[in-house]
Amino acid sequence: MITVTSETQRNSVSENSPRLSFQLMICAEPPELVIATIESLIRTKSADDEILIIDNNNTKKECYEPLAKFCQSLEPALKVRFYHVDFIKGYKAGALNLALDLMDASCSHIVVVDSDYQALPQARAKIAKAIEQYPKHALLQFPQFYRDEGMIEVHGELNHYFNHHIFRRFNQERVLSTGTFAVLRRDALERLGGWSGASITEDAQLGVLMHKQGLQSRFIPEVIATGLLPLTLSDLIKQRQRWIYGNMQVLGRYFSIQSASHVVAQKSRLNWKDLRAHSSQLSAWVNFTGIFIIFQLMMVAVMAVVLASNMTVNVERLLLPLFVIYGAYGIFLARRLFAYLSDKSPLAKPSQSSQERSVPSTVQRLKVWALHLSFWELGALSWLPVLWGRDKPFICTPKQVVKHSKLAVVMNNIKALPKLILGLNLVTAALVSPISPLYSPVLFVAALSICALKLWSAQVVLSNYSKAQSEATSSQAAEINNSDYQYHETSAHPVRFGYGYSRAHAQTMAANSEVFGNSETVDNPVMSKNGKAANF
């Protein structure tokens, strides 16, 4: 049993200090992983803070019962509460709204924590300092960093968002929430009507509404927690697709969010500085070369027909669109190259001080840029269904380790890699090669250059993930069906931005659920199946 130690007692806060509610929304996560995160929070929290865990949209008892037993074994003074709910509408936002309703009334701030993000010892002190420095801000967002060994380029590519993109002043002062270790003022969240399930990136959407209602946010450039990278390349790609799709959902409904917000405030404002920051952050993982990829597909089809039918055409006119297409590709590649070469990695890793930190070498930054190109197709095409209103389920990133042979790891990674641009440019290179009647030396070199870049990017990402996966082991590893990690519902767009929070709403959502506490009485008995608090 974990007890209240002298260290925890020393973390008691004064009456004027903020009281925090650390909130973990989990779905079929490995119990040992969540327990490690809870233990890290216990080590950093003050005696007046609470830790609130809601396992939702999961009916696997082997996932949530060990967690419930662990939380029940803790001393009541630690204020760790665990709830299990079979089904909640509204994706992760539904669970967060339930947590908003169930949290301790004395807590002034919410700290959202992902299941794999372990708090560093100084996390609580850093959060309190940031709240003291920005007392009127509704959102304080800390960066996301990773503790996995190796996979340097994957780390660099993901950290680029905070090291370079968000580090720019206009984004720091208007940061959108990125999920874990977002610190939210409770009264501000209640004013907005809670979280919305209208997007699969509920955190970014909440940030947009905050700014539209005149609330402030701030990026705090200090690493206070570390998480785990997706365990497979396939999972990394699915995670990226979720970010891209959800953010573009928010961007696509940007003005409708504003027009609906009169429900929760008298006035809604549109500030061009907000719009600049919002569009910059929401499109960070997106590129707009999709239209040119589609045009290239059409051109390849036309060129193939011309060659197959021996048609007489003006070659220069026929190939002119390809020059435009490759010009657009060149601009995209140059812009991304400049961004990655400009990344000085100002955020220190948890093990480094500002004096110890060194700027990555040019070769390292080139490799990170190359790895980023592995996801070129995702940023270009995976968001397009947003344009015709298609919704996708919220797919959680699995945390279970699955052991594979080295050959199986390589084959799975190769299978997962996007290959459209590589294949398309190989065909284009063949159609404009020296042996073709449509030969163009410029286009031939351009097509082969993109092929070379894509092969290099594949080599970088495969070298990162092959070693990491082949060395991963777990005595209890099991294959996980992706359907176990989805909220199975079609996203309903609420009449207003907020999803709402109330006791009646909590009772409705939690009609088939259980609550497990670490005290004799639980102050939310509506959470159990039979209307009574259910304890181990």
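Because the structure is a prediction, the values reported are computed rather than measured.
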Hey, does the side chain of [X] reach the backbone of [Y] with a donor-acceptor pair shorter than 3.5 angstrom?
X	Y	value
Glu202	Ala93	no
Ser283	Val286	no
Asn56	Asp86	no
Lys79	Ser21	no
His278	Ala204	no
Gln216	Arg174	no

Which atoms form the tightest heavy-atom contact between [X] and [Y], and what is the distance?
X	Y	answer
Met25	Ala99	CE-CB, 3.7 Å
Val368	Gly156	CG1-C, 3.6 Å
Ile88	Asn57	N-OD1, 3.2 Å
Gln241	Leu378	NE2-CD2, 3.7 Å
Ser217	Val175	OG-O, 2.7 Å
Gly194	Asn97	CA-OD1, 3.4 Å

Can you list the residues that meet the ring-ring contact (aromatic ring centres under 6.0 Å, His included) rule with [X], with sequence neighbours excluded?
X	answer
His160	His164, Tyr340
Phe170	none
Phe142	none

Spatial distance of atom [atom1] ([X]) from atom [atom2] ([Y]) [nearest 0.5 Å]:
X	Y	atom1	atom2	value
Ile131	Ser108	CD1	OG	6.0 Å
Gln23	Ile51	CD	CD1	11.5 Å
His109	Met103	NE2	CE	10.0 Å
Thr37	Tyr117	OG1	OH	11.0 Å
Leu206	Trp195	CG	CH2	5.0 Å
Leu52	Leu102	CG	CG	6.0 Å

Kindly indicate whether the side chain of [X], heavy atoms from C-beta on, has any atom under 4.5 Å from the side chain of [Y].
X	Y	result
Phe162	Thr178	yes
Leu41	Val111	no
His211	Leu176	yes
Val85	Leu98	yes
Thr362	Leu341	yes
Trp369	Arg336	yes
Tyr161	Gln144	no
Leu184	Val112	yes

Report summary line: Residues passing the side chain to side chain contact (heavy atoms under 4.5 Å, CB included) test with Ile35, sequence neighbours excluded, are Glu39, Leu67, Phe70
Report summary line: In short, salt bridge (charged side-chain N to carboxylate O under 4.0 Å, His left out) pairs touching residues 364-379 with sequence neighbours left out are Glu377-Lys454
Going by salt bridge (Lys or Arg N to Asp or Glu O under 4.0 Å), name the residues that satisfy it together with [X], two or more places apart in sequence or in a different chain.
X	answer
Arg240	Glu157
Asp114	Lys92
Arg147	none
Glu222	Lys126

Query raised in the report: Has Lys129 got more than 12 heavy atoms of other residues, nucleotides or ligands less than 6.0 Å from its NZ?
Result: no
**Report entry** Qualifying residues under side chain to side chain donor-acceptor pair (under 3.5 Å), relative to Glu132, sequence neighbours excluded
**Finding:** none
Query raised in the report: Looking at residues at least two apart in the chain, or sitting in another chain, which of them share a side chain to side chain donor-acceptor pair (under 3.5 Å) with Asn171?
Result: Ser280, Gln281
Query raised in the report: Given Leu347 and Phe167, is the side-chain contact (heavy atoms from CB on, under 4.5 Å) satisfied, shown in steps?
Result: CA-CA 9 Å; Leu347 298 175; Phe167 213 81; 3.9 Å; yes
Query - Derivation and outcome, side-chain contact (heavy atoms from CB on, under 4.5 Å), residues Asp148 and Val154 - result: CA-CA 10 Å; Asp148 312 71; Val154 179; over 6 Å; no
Requested in this report: Identify which one of Asn287, Leu420, Ile421 satisfies the side chain to side chain contact (heavy atoms under 4.5 Å, CB included) criterion when paired with Leu381.
Outcome: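 Result for side chain to side chain contact (heavy atoms under 4.5 Å, CB included) with Leu381: Leu420.
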Query raised in the report: Taking it one step at a time, do Phe375 and Ile244 satisfy side-chain contact (heavy atoms from CB on, under 4.5 Å)?
Result: CA-CA 11 Å; Phe375 312 118; Ile244 291 170; over 6 Å; no
Report task. Would you check, one step at a time, whether the test side-chain contact (heavy atoms from CB on, under 4.5 Å) holds for Phe332 with Leu373? Result -> CA-CA 11 Å; Phe332 159 69; Leu373 297 182; 4.3 Å; yes
Query raised in the report: Do the rings of Trp383 and Phe288 sit parallel, tilted or perpendicular, given the 30° and 60° boundaries?
Result: perpendicular
Requested in this report: Quick one: which residue pairs count as a ring pair (Phe, Tyr, Trp, His ring centres under 6.0 Å) with a foot in residues 220-244, not counting sequence neighbours?
Outcome: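 Every ring pair (Phe, Tyr, Trp, His ring centres under 6.0 Å) pair that includes a residue of residues 220-244, provided the two are not neighbours, is Trp243-Trp285.
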Report task. Test side-chain hydrogen bond (donor to acceptor under 3.5 Å, both in side chains) on Ser106 and Asp104 and set out the steps. Result -> CA-CA 5 Å; Ser106 68; Asp104 191 316; 2.8 Å; yes
**Report entry** Carboxylate-amine/guanidinium proximity below 4.0 Å for Arg124 and Asp49
**Finding:** yes
